[in-house]
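A short worksheet on the structure shown next.
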Amino acid sequence: MNIIFMGPPGAGKGTQSDFIIEKYQIPHIATGDMFRAAIKNETKLGLEAKSYMDAGKLVPDEVTINIVKERLLEDDTKNGFIFDGFPRTIVQAQALDKMLKELNRDIDVVINIDVPFDVLLKRLSGRRICKVCGTSYHLEFNPPQVAGICDKCGGELYTRSDDNEESARVRLETYTNETKPLIEYYLNRGLLNEVNGLQAVDKVFIDINNIIEGIK
Ligand code: ADP
Ligand code: ADP
Ligand code: ZN
């Protein structure tokens, strides 16, 4: 099953991906996570991506498309994958179509998690991430059992450098200008499903799960 999760920053893509991975055992391809890993490892890619990410801008299409291309060639993607945060532009979506065609694969479903901007700003400013396993928490909406510590692995929680108010506003603007047009792109392809991301985490998952079960 080949799934794309779409939605603005803070919509809950990462949170919901965790449930899907657990239930369906398919790899999670999150370009944001890949860039953050590259920054941590101080690779050339990391150096290139960092300035864009800190500014709330998108990493250039060519760079992003290349890392996805490499990732899709790995064996574990053969039985399915879930894209989280990719594609984010029409150019990326077209490149993905081409890549999948060459591999004789196709997108099964695109799930767009819809949340209004005022709520997103609160979600981003209260988001905390596990340094070790990447799980997302929220100080108010989804707190860990022990403050500052990951429930799953005991790792330390941190605040992403781009989750400050200024960067978050730019990211939401970038989303509107560059990513939102993808809704129509996938609507025209008959692949788009909308989910109300304002509901509680487990309710959002029920809706997503129903969509996935419906296409299996
Ligand atoms: P969020 O969880 O807020 O949606 P991500 O972790 O997906 O954010 O992405 C963080 C940043 O990484 C983005 O603001 C952007 O700079 C960069 N990035 C991630 N995915 C892409 C992509 N597909 N194209 C370009 N830049 C990307
Ligand atoms: P994305 O990957 O789309 O940027 P995340 O999954 O990291 O979003 O979620 C953003 C923030 O909102 C996190 O702090 C997360 O704990 C919280 N969150 C996710 N889903 C919900 C929800 N349904 N209701 C309230 N808060 C949520
Ligand atoms: Zn953890």
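In this text, all values refer to a predicted model and were calculated from it rather than measured experimentally. We number each residue from 1, following the sequence as shown. Each ligand, and each atom within it, is numbered from 1 in the order the structure gives. All values below come from the heavy atoms of this structure, side chains included, with hydrogens, waters and symmetry mates left out.
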- request: Would you give the length of the straight line joining atom OG of Ser17 to atom CZ of Phe205, rounded to the nearest 0.5 angstrom?
  value: 10.5 Å
query: For the residue pair Cys150 and Cys130, what are the closest heavy atoms and their distance?
result: CB-SG, 3.6 Å
How close does the nearest protein non-hydrogen atom get to [atom], and which residue and atom is it?
{"atom": "atom 10 (C) of ligand 1", "value": "Arg160 NH2, 3.5 Å"}
{"atom": "atom 26 (N) of ligand 1", "value": "Val59 N, 3.0 Å"}
{"atom": "atom 7 (O) of ligand 1", "value": "Arg88 NH1, 3.0 Å"}
{"atom": "atom 3 (O) of ligand 1", "value": "Arg171 NH2, 2.5 Å"}
{"atom": "atom 13 (C) of ligand 2", "value": "Tyr137 O, 3.6 Å"}
{"atom": "atom 12 (O) of ligand 1", "value": "Met53 CE, 3.4 Å"}
{"atom": "atom 16 (O) of ligand 1", "value": "Lys57 O, 2.7 Å"}
{"atom": "atom 20 (N) of ligand 1", "value": "Thr31 OG1, 2.8 Å"}
{"atom": "atom 27 (C) of ligand 1", "value": "Phe35 CE1, 3.7 Å"}

- request: For ligand 1, indicate whether the residue Arg127 contacts it via side chain, backbone, both or neither (heavy-atom separation under 4.0 Å).
  value: side chain
- prompt: Does Leu58 approach ligand 1 within less than 4.0 angstrom via side chain, backbone, both or neither, non-hydrogen atoms only?
  reply: both
When you measure from the side chain of [X] to the backbone N and O of [Y], does any donor-acceptor pair fall under 3.5 Å?
{"X": "Asn188", "Y": "Glu184", "answer": "yes"}
{"X": "Gln199", "Y": "Asn196", "answer": "yes"}
{"X": "Asn2", "Y": "Asp106", "answer": "yes"}
{"X": "Asp84", "Y": "Ile82", "answer": "no"}
{"X": "Arg105", "Y": "Thr77", "answer": "yes"}
{"X": "Asn79", "Y": "Asp76", "answer": "no"}
{"X": "Thr174", "Y": "Gly56", "answer": "yes"}
{"X": "Thr176", "Y": "Leu172", "answer": "yes"}
{"X": "His138", "Y": "Pro144", "answer": "no"}

- line: Quick note on ligand 2: atoms under 4.0 Å from a heavy atom of Lys13 include exactly 1 (P), 2 (O), 3 (O), 4 (O), 6 (O), 8 (O)
- line: In ligand 2, the atoms that come under 4.0 Å of a heavy atom of Gly197 are 23 (N)
Heavy-atom distances under 4.0 Å are what count here, so tell me which part of [X] touches ligand 2: side chain, backbone, both or neither.
{"X": "Thr15", "value": "both"}
{"X": "Ala200", "value": "backbone"}
{"X": "Gln16", "value": "neither"}

Per-atom contacts, ligand 1 versus Thr64 - under 4.0 Å to a heavy atom: 22 (C), 23 (N), 24 (N), 25 (C)
Does [X] reach ligand 2 with a nitrogen or oxygen that is under 3.5 Å from one of the ligand's nitrogen or oxygen atoms?
{"X": "Ala11", "result": "yes"}
{"X": "Pro9", "result": "no"}
{"X": "Gly14", "result": "yes"}
{"X": "Gly10", "result": "yes"}

query: Hey, looking at atom 17 (C) of ligand 2, which of Arg128, Lys122, Met6, His138 has the closest heavy atom?
result: His138
query: Taking 4.0 angstrom as the limit, do Arg123 and Asp118 come out as a salt bridge?
result: no
task: Tell me how many protein N, O or S atoms are closer than 2.8 Å to the Zn ion (ligand 3).
output: 4
field: Side chain to side chain, Tyr158 and Arg128, heavy atoms closer than 4.5 Å
entry: no
message: Contact between Glu213 and Asn209 at the side-chain level, heavy atoms closer than 4.5 Å - yes or no?
response: yes
query: Can you check side chain to side chain contact (heavy atoms under 4.5 Å, CB included) on Ile129 and Arg127, steps first, answer last?
result: CA-CA 7 Å; Ile129 310 272; Arg127 172 158 65 182; 3.7 Å; yes
message: According to side-chain hydrogen bond (donor to acceptor under 3.5 Å, both in side chains), who are the partners of Asp75, at least two apart in sequence or on a separate chain?
response: Lys78
